[in-house]
Amino acid sequence: MNESVITVTLNPALDKTITLETLQVGGLNRVQEIRIDPGGKGINVAKVLRRFGENVIATGFNGGYQGKQLLNHLDELMINHSFIPVEGETRINLKIVDNHNRMTTEVNERGFEIADNDVVQFLNQMDTLLDEASVLVVGGSLPLGASPDIYRDLIHKAKSKNVKTILDADGEALLSGLKAVPFAIKPNIYELEQLFNMKLETDTDIIHAAQKLLDQGVKWVIVSMGGDGSIFISDKEIIRARPFPIVPKSTVGAGDSMVAAIASCLVHGRSLHDTARWATAAGTLTAAEPGTEVCRLPKVIANLQNVKIETVEQK
Ligand SMILES: Nc1ncnc2c1ncn2[C@@H]1O[C@H](COP(=O)(O)OP(=O)(O)OP(=O)(O)O)[C@@H](O)[C@H]1O
Ligand SMILES: O=P(O)(O)OC[C@@]1(O)O[C@H](CO)[C@@H](O)[C@@H]1O
C-alpha cells in the first residue's frame, strides 16, 4: 500500500452544473444539460488521487440530506471518507456553463454552520489520521463558525508529525494557513494578487511575489493562470509550464487536479520538474471534462510529454 494522503474539505458541496447555449442575465434561460458531482476542493483532489491509484482519505464536515448524497457519490467512486456529521445541510454550488462563450459562472452557497464541539471531534480525528499519512491537503472556504486559524492549526499539527502539507485557499484562510508555513501552496493568479494586494502583470511580477513566500519558508509555490498555464517556483528552480491544446468544457476542479498531482508527486518523491509536467497535464485534462468531472491516469500519462516546460533563469 502507498503512503497515504488526507484531503480536508471543511465546506464540501454538491456541484450542480447546468449548461446553457448563452447565459441571459435577467432573462429566461433554458437548461440544455445538467449534472451533479461531489465537489469542494479537497474532495476533487481525492477524486483525482483515487484515479491515480493513491491511498487517499477525504475528511471534513458534512450535513443533512445533501450530505448523504455526497457520501453516496464518494462511495460510488470508491473513495475512503470519514466526515464529521454536523447540523444543517451540505451546500449546493451552482456552476453555469455558457456554451457559446465557453465561460463558466459560479454561484457558491455559504453552507452550514459548525459548532465548537464539531471542531473538537474533527481535530481529534485528525490526530489519528495524521499518524498514518505522508501528505495533507487542505483547501477551500471555511464554513461559518470555523475559526480563521483552523488551517494554521491543522498545518502545525501535520508538521509536528512530519506530514508534508499543501494549502489551496484564498483570502483569510490562505493568510491563516500561511502562518504555519505549509510545504507547498497553489494559488491561482487572482488569489496571489489578492494576497499581495497588487496587480501581477508579468511572469517576473509573479516570480517576485512567490519569492517573498519562499523567504517565509514555503518550499514550493505553484501559481496557476488558467489557459496560460502555471509557474512552479522553489528556491532552486523556476519552471514555466504551458498546457497542450484542448477544448475547455468546464475548468471547475482544474486547479484541484493540479493539487492532486502535486500530492501524488510528493508521495513518489518526484522532482519539481516532473511535478510541473504531472500537475499541468492533470489540470489541463480536467479543464477538458464537463462539470466537476476530473482527469484520468492513462490520459495524464499519455500527455506528460505534451506539456511545454521552460526553465526560467533566476535574476
Ligand atoms: N482554458 C484552459 N485551457 C487549457 N488548460 C487550462 C484551461 N483552464 C485551466 N487549464 C489548466 O488547469 C490549470 C489550473 O487552472 P486555473 O488556474 O483555472 O486553476 P484554479 O483557478 O485553481 O481552478 P479551480 O479553483 O476551479 O480548481 C492550468 O494551469 C491549466 O493547466
Ligand atoms: O467555496 P469554495 O470552498 O472556495 O470553493 C468550492 C468550489 O467552487 O471549489 C471547487 C473547485 O475548485 C468546486 O468543486 C466547489 O464548488
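Read the numbers this way: they start at 1 and go in the same order the structure lists the ligands and their atoms.
- For atom 25 (O) of ligand 1, the closest non-hydrogen atom on the protein side is Lys41 NZ, 3.5 Å.
- Residue Asp256 approaches ligand 1 through these ligand atoms, each under 4.0 Å from one of its heavy atoms: 27 (O).
- A pairwise comparison of heavy atoms in Val31 and Leu20 identifies CA-CD2, 3.9 Å as the closest pair.
- A donor atom on one side chain and an acceptor atom on the other are not found under 3.5 Å apart for Lys41 and Asn44.
- Those atoms of ligand 1 with a heavy atom of Thr251 less than 4.0 angstrom away are 8 (N), 26 (O).
- Of the protein's non-hydrogen atoms, the one nearest atom 2 (C) of ligand 1 is Gly227 CA, 3.5 Å.
- Below 3.5 Å of separation, one finds no N or O of Ala287 facing any N or O of ligand 1.
- Atom 5 (O) of ligand 2 has its closest protein heavy atom at Asn108 ND2, 3.5 Å.
- With respect to atom 21 (O) of ligand 1, the closest heavy atom belonging to the protein is Asn188 ND2, 2.9 Å.
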(message) What verdict does the salt bridge (charged side-chain N to carboxylate O under 4.0 Å, His left out) test give for Glu289 and Lys249, after you've listed the backbone C-alpha separation in whole Å, the side-chain angles of each residue and the deciding distance to 0.1 Å?
(response) CA-CA 6 Å; Glu289 295 288 340; Lys249 279 216 177 98; over 6 Å; no
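- Proximity of Asn44 to ligand 2, defined as any heavy-atom pair under 4.0 Å, is confined to the side chain (atoms from C-beta onward).
- With a 4.0 Å heavy-atom cut-off, ligand 1 is reached by the backbone of Ala254 and by its side chain too.
- Crowding of Lys68 atom NZ: a count of heavy atoms from other residues, nucleotides or ligands under 6.0 Å not exceeding 12.
- Side-chain contact annotation: Thr165 with Lys159, donor-acceptor N/O pair under 3.5 Å absent.
- For Gly255, the closest heavy-atom approach to ligand 2 does not fall below 4.0 Å.
- With a heavy-atom cut-off of 4.0 Å, Arg91 touches ligand 2 through its side chain alone.
- Taking every non-hydrogen atom of Glu106 and a distance limit under 4.0 Å, the qualifying atoms of ligand 2 come out as 8 (O).
- Near Gly283, the atoms of ligand 1 lying under 4.0 angstrom from a non-hydrogen atom of the residue are 11 (C), 12 (O).
- At distances below 3.5 Å, at least one donor-acceptor pair connects side-chain atoms of Ser160 with backbone N or O atoms of Lys157.
- For ligand 1, the atoms sitting less than 4.0 Å from at least one non-hydrogen atom of Thr280 are 31 (O), numbered in the order shown with element in parentheses.
- Nearest non-hydrogen protein atom to atom 11 (C) of ligand 2 is Asp256 OD2, 3.2 Å.
- In summary, Asp131 and Lys161 engage in a salt bridge, as defined by a charged side-chain N under 4.0 Å from a carboxylate O.
- Counting only heavy atoms of the protein, atom 1 (N) of ligand 1 lies nearest to Pro248 CG, 3.7 Å.
- Ranking protein heavy atoms by distance to atom 30 (C) of ligand 1, first place goes to Gly226 O, 3.3 Å.
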Show which side-chain atoms of residues 141-150 pair as donor or acceptor with protein atoms under 3.5 Å away, not counting sequence neighbours.
residue, atom, partner, partner atom, Å
Ser141, OG, Asn11, ND2, 3.3
Ser147, OG, Asp149, N, 2.9
Asp149, OD1, Lys179, NZ, 3.3
Asp149, OD2, Arg152, NH1, 3.4

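- Checked by distance only, ligand 1 and Glu106 stay at 3.5 Å or farther apart across all their nitrogen or oxygen atoms.
- Annotation for Ala58 and Phe83: closest pair O-CE1, 3.5 Å, computed over non-hydrogen atoms.
- Defined by atom type and a distance below 3.5 Å, a donor-acceptor pair is present between the side-chain atoms of His81 and Asp75.
- Of the protein's non-hydrogen atoms, the one nearest atom 31 (O) of ligand 1 is Thr284 OG1, 2.9 Å.
- On a distance-only criterion, Gly255 and ligand 1 share at least one N/O pair closer than 3.5 Å.
- Here the heavy atom of the protein found nearest to atom 16 (O) of ligand 2 is Asp15 OD1, 2.7 Å.
- Looking at Glu132 and Ser4, their side chains never bring a donor and an acceptor atom within 3.5 Å of each other.
- Pro243 and Gly229 get closest at one heavy-atom pair: CD-CA, 3.5 Å.
- For Phe183 and Trp220, the ring centers sit closer than 6.0 Å to each other.
- Geometrically, ligand 2 and Gly40 share a nitrogen or oxygen pair separated by less than 3.5 Å.
- Contacts between Ile246 and ligand 1 below 4.0 angstrom, taking non-hydrogen atoms only, involve the side chain exclusively.
- For ligand 2, the atoms lying closer than 4.0 Å to a non-hydrogen atom of Asn93 are 6 (C), 15 (C), 16 (O).
- Put simply, no part of Glu191 is less than 4.0 Å from ligand 1, judged by heavy atoms.
- Ser82 and Gln125 form a side-chain donor-acceptor contact under 3.5 Å, judged by distance and modelled atom types alone.
- Looking at Val252 against ligand 1, only its backbone comes within 4.0 Å, counting heavy atoms.
- A side-chain contact (heavy atoms from CB on, under 4.5 Å) with Ile36 is found for one member of Gln69, His73, Gln66 and no other, namely His73.
- Contacts between Met225 and ligand 1 below 4.0 angstrom, taking non-hydrogen atoms only, involve the backbone exclusively.
- A salt bridge links Glu293 and Arg51; the closest N-O separation between the charged side-chain nitrogens and carboxylate oxygens is under 4.0 Å.
- Close approach to Thr292 involves these atoms of ligand 2, each under 4.0 Å from a residue heavy atom: 14 (O).
- If you check which protein heavy atom lies closest to atom 29 (O) of ligand 1, you get Gly229 O, 3.3 Å.
- Applying the 4.0 Å criterion to heavy atoms of Met258 picks out, from ligand 1, the atoms 13 (C), 14 (C), 29 (O).
- The two residues Thr286 and Val252 make their nearest non-hydrogen contact at CG2-O, 4.1 Å.
- At the shortest separation from atom 9 (O) of ligand 2 among protein heavy atoms lies Lys41 NZ, 3.1 Å.
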(request) Would you sort out whether Arg242 and Glu310 count as a salt bridge (charged side-chain N to carboxylate O under 4.0 Å, His left out), showing the intermediate values? (result) CA-CA 9 Å; Arg242 291 177 209 275; Glu310 262 165 58; 3.7 Å; yes
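- Those atoms of ligand 2 with a heavy atom of Gly39 less than 4.0 angstrom away are 14 (O).
- No donor-acceptor contact under 3.5 angstrom links the side chains of Asp98 and Thr22, judged on distance only.
- Among protein heavy atoms, the minimum distance from atom 22 (O) of ligand 1 is reached at Lys186 NZ, 3.1 Å.
- Atoms of ligand 2 found under 4.0 Å from any heavy atom of Gly140, numbered from 1 in the order shown, are 3 (O).
- Ring pair Phe61/Phe122 is tilted by interplanar angle, where 30° to 60° counts as tilted.
- Considering only non-hydrogen protein atoms, atom 2 (P) of ligand 2 sits nearest to Ser141 OG, 3.4 Å.
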